[in-house]
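Order of the sequence lines fixes the chain letters, A, B, ..., with proteins taken first and strands second; residue numbering starts at 1 for each chain. The figures that follow rest on heavy atoms only: side chains count, while hydrogens, waters and symmetry mates do not.
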Protein chains: 4
Amino acid sequence: MSSAASSPAPRRTGRPRSPEADRAILDATRAALVELGWGKLTMGDVAARAGVAKTTLYRRWAGKSELVVDAVAALFDEHLELPDRGSLQADVEDVVLRFAALLERPETKTALMAVVAESTRDGALRDRIRSAIVDRQKSLVLLGRDRAQRRGELPREDDPAAAARTADLIFDVIAGAVVHRTLVSAEPVDPEWARGFAALLIGGLRGS
Amino acid sequence: MSSAASSPAPRRTGRPRSPEADRAILDATRAALVELGWGKLTMGDVAARAGVAKTTLYRRWAGKSELVVDAVAALFDEHLELPDRGSLQADVEDVVLRFAALLERPETKTALMAVVAESTRDGALRDRIRSAIVDRQKSLVLLGRDRAQRRGELPREDDPAAAARTADLIFDVIAGAVVHRTLVSAEPVDPEWARGFAALLIGGLRGS
Amino acid sequence: MSSAASSPAPRRTGRPRSPEADRAILDATRAALVELGWGKLTMGDVAARAGVAKTTLYRRWAGKSELVVDAVAALFDEHLELPDRGSLQADVEDVVLRFAALLERPETKTALMAVVAESTRDGALRDRIRSAIVDRQKSLVLLGRDRAQRRGELPREDDPAAAARTADLIFDVIAGAVVHRTLVSAEPVDPEWARGFAALLIGGLRGS
Amino acid sequence: MSSAASSPAPRRTGRPRSPEADRAILDATRAALVELGWGKLTMGDVAARAGVAKTTLYRRWAGKSELVVDAVAALFDEHLELPDRGSLQADVEDVVLRFAALLERPETKTALMAVVAESTRDGALRDRIRSAIVDRQKSLVLLGRDRAQRRGELPREDDPAAAARTADLIFDVIAGAVVHRTLVSAEPVDPEWARGFAALLIGGLRGS
DNA sequence: TGGTAACCGAGACGGTACGTCGAGTCTTATC
DNA sequence: GATAAGACTCGACGTACCGTCTCGGTTACCA
C-alpha cells in the first residue's frame with residue numbers, strides 16, 4: 001500500500017513521482033528482507049538495490065518500519081483469500097494453512113514480529129500494521145464465521161457487541177496460535193496440526 | 001539466568017567476575033527497557049546505568065538480544081507460578097492472567113517480540129529464548145493439565161507422543177492467544193476475556 | 001596541502017565537499033596540538049573542535065598522521081621564505097633561525113618527530129612528509145646556495161650528480177643540527193648559536 | 001638500564017624481583033619493536049611475549065616510553081665504543097658510521113624519534129633519554145675531540161665555557177646530520193657519505 | 001620453622017579512543 | 001519539483017589497550 005495512496009492534494013506542479021520507483025523499492029525491500037532479515041536491512045541498501053537515491057525513498061516512507069509494513073502488506077494483499085471449502089472444519093484448516101504459508105516465508109517471518117515490536121511504542125505504526133495487515137487477516141475469519149452461520153454450523157449471535165467480542169477472541173486464538181507455533185515454537189504448521197487445531201477450536205465454539 | 005550458568009570448568013585462576021556487576025547490569029537493562037524500549041536501548045547506556053564498563057558487559061553477553069533475554073527471563077523466574085485454584089477453568093484463567101500480567105509490563109512488552117524477531121535468523125538465540133522463557137511458561141501449562149487429569153476433568157492420554165503433541169498444541173493456543181491479544185490487537189487481557197477464552201479452550205478439549 | 005589536491009577527475013555529481021570544513025579541521029588540529037600535544041590529540045577531539053562529524057574527517061584523511069602532516073605543512077607554507085641578506089653567512093644564519101622558529105612552535109615541536117617516527121614504517125607517509133614539508137625546506141637551502149654561487153662566495157659545481165650530493169649533505173647538516181639542538185638537546189637556537197653554526201658550515205664548504 | 005637500578009632503600013624483606021623477568025621483558029620489547037614498530041607495540045603484547053604478567057611489567061616501568069628507552073639504551077651500551085683510528089678524519093667517519101648502524105636497526109629507527117617526540121611534553125622522560133642514550137653518544141664525540149687535541153689536529157680551547165659550547169655544537173651537528181639523513185631523508189649513511197661529512201666538519205673546525 | 005611481605009600468573013575491572021556503519025538531512029546539478 | 005549522487009551531522013557499534021585491582025599461590029628473608 002503506497003503511503004501516497006489517497007493524498008488529498010494531488011500535487012500538480014513539477015515532475016511527477018515515478019511509479020516505477022515505488023515498485024522497485026518495495027521489490028528491493030522484500031529481496032533485502034529475504035537475504036538479510038529485518039535486523040541487517042538498511043535503507044541505503046534498499047535504495048541501492050532499487051537503483052534509487054535515498055532521497056527518493058525518504059520522500060515516500062518515513063522510515064524502515066513503515067517501508068517494511070508496506071512491503072509485507074503487499075504479500076498479504078496478493079495471497080489472502082478464502083475459497084469456500086464446504087465446511088467450517090475445512091475452512092478453518094484452510095485459513096490456518098494460508099496464514100502459516102505467509103508467516104513461513106522468509107520475508108514475513110523476520111519482519112512481522114519486528115514491526116509489531118516497534119509498534120509497542122508507536123501508535124501510528126500500530127494503526128498502519130492493523131489496517132495494512134491485521135484487518136485483512138481478520139476479514140477472512142469473519143468471512144468464515146458468516147459462512148458457517150449460513151450453513152447452520154454456528155449459531156447466530158443477536159447482540160452485535162457480543163458478536164464482535166467473540167469474533168475478536170476467535171481471531172486472536174487463530175492468529176495467535178499460528179504465529180506462536182511458527183515463530184516461537186518454530187515448528188511447522190502442517191495439515192495434521194491444522195486439523196487438530198481446527199477440531200479444538202470448533203469443539204470449543206460448539207461447546208461454549 | 002547468568003550467561004555463564006553452570007560452567008563445567010569454573011575457572012579458578014585470575015580475578016573472578018563480579019556478581020554485583022551481573023546484578024547491576026540486569027537491573028539496568030530492565031530499567032532501560034522501561035524507559036527507552038527495545039529500539040532505543042543501547043549497550044553503552046545500559047553499561048553507564050549499571051556503573052560498569054562496556055567491556056564488562058560484552059564479556060558476559062554477546063549482544064543486546066542475549067542480554068535482554070536474560071534480563072526478561074529473570075522476571076519470568078520470579079513471577080511464574082500456578083497455585084491450585086481447584087478447577088481446570090480457574091487454573092486456565094489464572095495462567096492466562098499471569099501470562100498477560102507479564103506481557104503487559106513495559107519491560108516485556110517491548111522486548112519479547114523483538115528478540116523473537118531476531119531469533120528467526122539466529123538458532124542459538126532461539127534456543128536461549130526457549131530455555132530461558134518459553135519452557136518456563138510451558139511447564140505451567142503441563143502442571144495445569146496434570147492437575148486436571150488428577151481431578152478427572154481431563155482424560156489421561158496413554159500414547160506419550162500424542163500427549164506431547166496435544167500439550168504443544170494447547171501451549172501454542174494459550175500463549176499465542178495471550179500474546180496476540182496483548183501485542184497485536186493491543187487490547188487488555190481482563191478477567192472477562194480470560195473467562196471466555198478458558199471456556200472456549202476447555203470446551204474444545206472436552207469435545208475433541 | 002589538501003588531500004584532494006589536483007584530483008585529475010574532479011567529480012561533478014553529488015554534494016561537493018565543504019571547503020570550510022577543511023579549513024576548520026586543520027585549524028582545530030593545530031589548536032589541539034598546541035593544547036594537548038601529539039600524544040593526547042584524538043581524532044574525535046579534533047572533529048568536535050572543528051564542529052564537524054568524525055566521518056567528515058575520515059573522509060578526507062586516513063588517520064592522525066596524515067592529518068597532522070597536512071596541518072603542520074600549512075605552517076611551513078606560510079612562514080618559509082628567504083630574503084636575500086647579502087652574504088652567505090647572513091643567509092645561513094637566517095635560514096637556521098627560520099627553521100628553528102618553526103620547530104620551536106608548540107604545534108610543530110610535538111608533531112614533527114612523531115610523524116617522522118610513524119613514517120619509518122609507512123612509505124606513503126614518508127612521501128607525504130617529504131613533499132609537504134621537507135622539500136619546502138630544502139628549496140630554501142638550494143636557493144641560498146645559488147645566491148652564494150652568483151655572488152662568487154661558493155664555487156660552481158659542474159657535475160650535476162655531485163652538486164646534488166653536496167646539496168643533500170648540506171641540507172641534512174643544517175636541518176639535522178637545528179632539529180637535534182631544538183628537540184633532543186632541548187636548547188634554544190639563538191642568534192649566537194646560529195652564528196657559530198654558520199661559521200662552521202661555511203668554513204667546511206670553503207675548506208673542502 | 002633497569003629502572004630500579006640504584007634504589008636508595010634496597011628493600012630487604014619479601015620475595016625479590018626476578019632478574020630473568022627483567023631480561024625477558026627487555027628482549028621482548030626489542031623483538032616487538034622490530035616486528036611491530038613503536039606505534040603498534042603494546043604493553044600487553046610485550047608482557048605476553050616475555051611470558052610475564054602485566055603487573056610484573058608495570059612494577060618496573062611506568063609506561064611504554066620508559067620501557068622502550070631502557071630497551072634501546074641497552075643497545076647503545078653494547079655497541080658504542082670508539083677505537084683510535086689514528087686521525088681525526090678517520091675517527092669522525094667511524095663515529096658517524098657507528099651512530100648510523102645503530103639508527104638503521106629496526107628497533108631504534110622506529111623507537112628513537114617516537115620517544116623524543118613524547119619527551120617534548122615530559123621533562124622526566126627527556127632526562128631519562130639524555131642520561132640513557134644521548135650522553136653516551138656525546139661522550140664518544142668528546143673522546144674524539146680530546147684525541148684530536150692530543151694529536152695536535154685541533155687547538156686546545158682555554159675557556160671551558162667556550163669549549164663546552166663548541167662541543168655541544170659539534171655534537172648536534174654530527175648526531176643531527178646522521179639522524180636526519182637516516183630517518184628524514186631516509187637515505188643510507190655509507191662510507192662515502194661519512195667521508196664527505198667528516199671532511200665538511202673538519203674543514204669547518206679548522207677554518208673557524 | 002614458621003611468619004610475613006613482596007613477588008608472580010592470570011584475568012576481570014573502569015576507562016578512553018578507535019574506525020565503521022547506518023539513520024536521516026542537505027546540497028549540488030540534471031532531468 | 002522530482003531525481004541521482006554523495007557529503008553532511010549524529011549516535012551507536014564492537015574492539016583494543018590502558019593502567020589498576022583482585023584473586024590464588026610462590027619464594028626468600030627474619031624471627
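- Across all strands shown, A:Thr56 has heavy atoms under 4.0 Å from sugar-phosphate atoms exclusively, and none from any base.
- What separates NZ of C:Lys40 from P of F:dC18 is a distance of 14 Å, to the nearest Å.
- Remark: P of E:dG11 and CG of D:Asp45 are 16 Å apart, rounded to the nearest angstrom.
- Contact annotation: side chain of B:Thr55 to base of E:dA12, donor-acceptor pair absent below 3.5 Å.
- You'll find that the side chain of C:Tyr58 is closest to E:dG19, out of E:dG24, E:dG19, F:dT9.
- When distances run from any side-chain atom of D:Arg59 to the nucleotides F:dG19, E:dG22, E:dC8, the shortest one goes to E:dC8.
- OP1 or OP2 of E:dC8 has at least one side-chain nitrogen or oxygen of D:Arg60 nearer than 4.0 Å.
- Nearest nucleotide to the side chain of B:Arg17, out of E:dT20, E:dA12, F:dG14: E:dA12.
- For C:Arg15 against F:dC8, a side-chain-to-base donor-acceptor contact under 3.5 Å is absent.
- Atom-to-atom, CD of A:Glu66 to P of E:dG24 comes out at 9 Å; the value is rounded to the nearest Å.
- A distance of 9.0 Å separates OG1 of B:Thr110 from CG of B:Leu41, quoted to the nearest 0.5 Å.
- Checking E:dG19, E:dC8, E:dG14 against every side-chain atom of D:Ala21, the shortest atom distance belongs to E:dC8.
- A salt bridge is defined here as a Lys NZ or Arg NE, NH1 or NH2 lying under 4.0 Å from an Asp or Glu carboxylate O, and D:Arg49 with D:Asp45 meets this definition.
- Using a 4.0 Å heavy-atom distance criterion, C:Gly51 is classed as a sugar-phosphate-only contact.
- The CE-C1' distance, from A:Met43 to F:dA5, rounds to 17 Å in whole Å.
- One finds no salt bridge joining A:Arg126 and A:Asp122 here, because no Lys/Arg side-chain nitrogen approaches an Asp/Glu carboxylate oxygen to under 4.0 Å.
- Heavy-atom distances to DNA chain F give each of C:Gly14 and B:Gly14 a nearest nucleotide, and the one nearer the 5′ end belongs to C:Gly14.
- Rounded to an integer number of Å, the gap from NZ of C:Lys64 to P of E:dC18 is 7 Å.
- The side chain of D:Thr42 has F:dC18 as its nearest neighbour among E:dG24, F:dT15, F:dC18.
- No cation-pi contact links C:Lys109 to C:Trp38, judged by a cut-off of 6.0 Å to the six-membered ring centre and 45° from its axis.
- Remark: C1' of E:dA12 and CG of B:Asp22 are 12 Å apart, rounded to the nearest angstrom.
- Within the nucleic acid shown, B:Gly63 has no heavy atom closer than 4.0 Å to any nucleic acid atom.
- For E:dG11, its base never sits under 3.5 Å from the side chain of D:Lys54 at any donor and acceptor pair.
- Using a cut-off of 4.0 Å between Lys/Arg side-chain N and Asp/Glu carboxylate O, A:Asp22 and A:Arg60 are scored as salt-bridged.
- The CG atom of A:Leu57 sits 12 Å away from the P atom of E:dT25 (whole-angstrom rounding).
- Across the protein-nucleic acid pair, B:Ile25 atom CD1 and E:dA12 atom P stand 13 Å apart, rounded to whole Å.
- For B:Ala53, taking side-chain heavy atoms from C-beta onward, the closest of the listed nucleotides E:dG9, E:dG14, F:dA2 is E:dG14.
- A salt bridge links B:Asp70 with B:Arg128: the closest approach of a Lys/Arg side-chain nitrogen to an acidic carboxylate oxygen falls below 4.0 angstrom.
- Within 4.0 Å of B:Ser18, counting heavy atoms only, lie sugar-phosphate atoms of the nucleic acid but no base atom.
- Across E:dG11, F:dA4, E:dG22, the shortest atom-to-atom separation from the side chain of A:Val52 is found for F:dA4.
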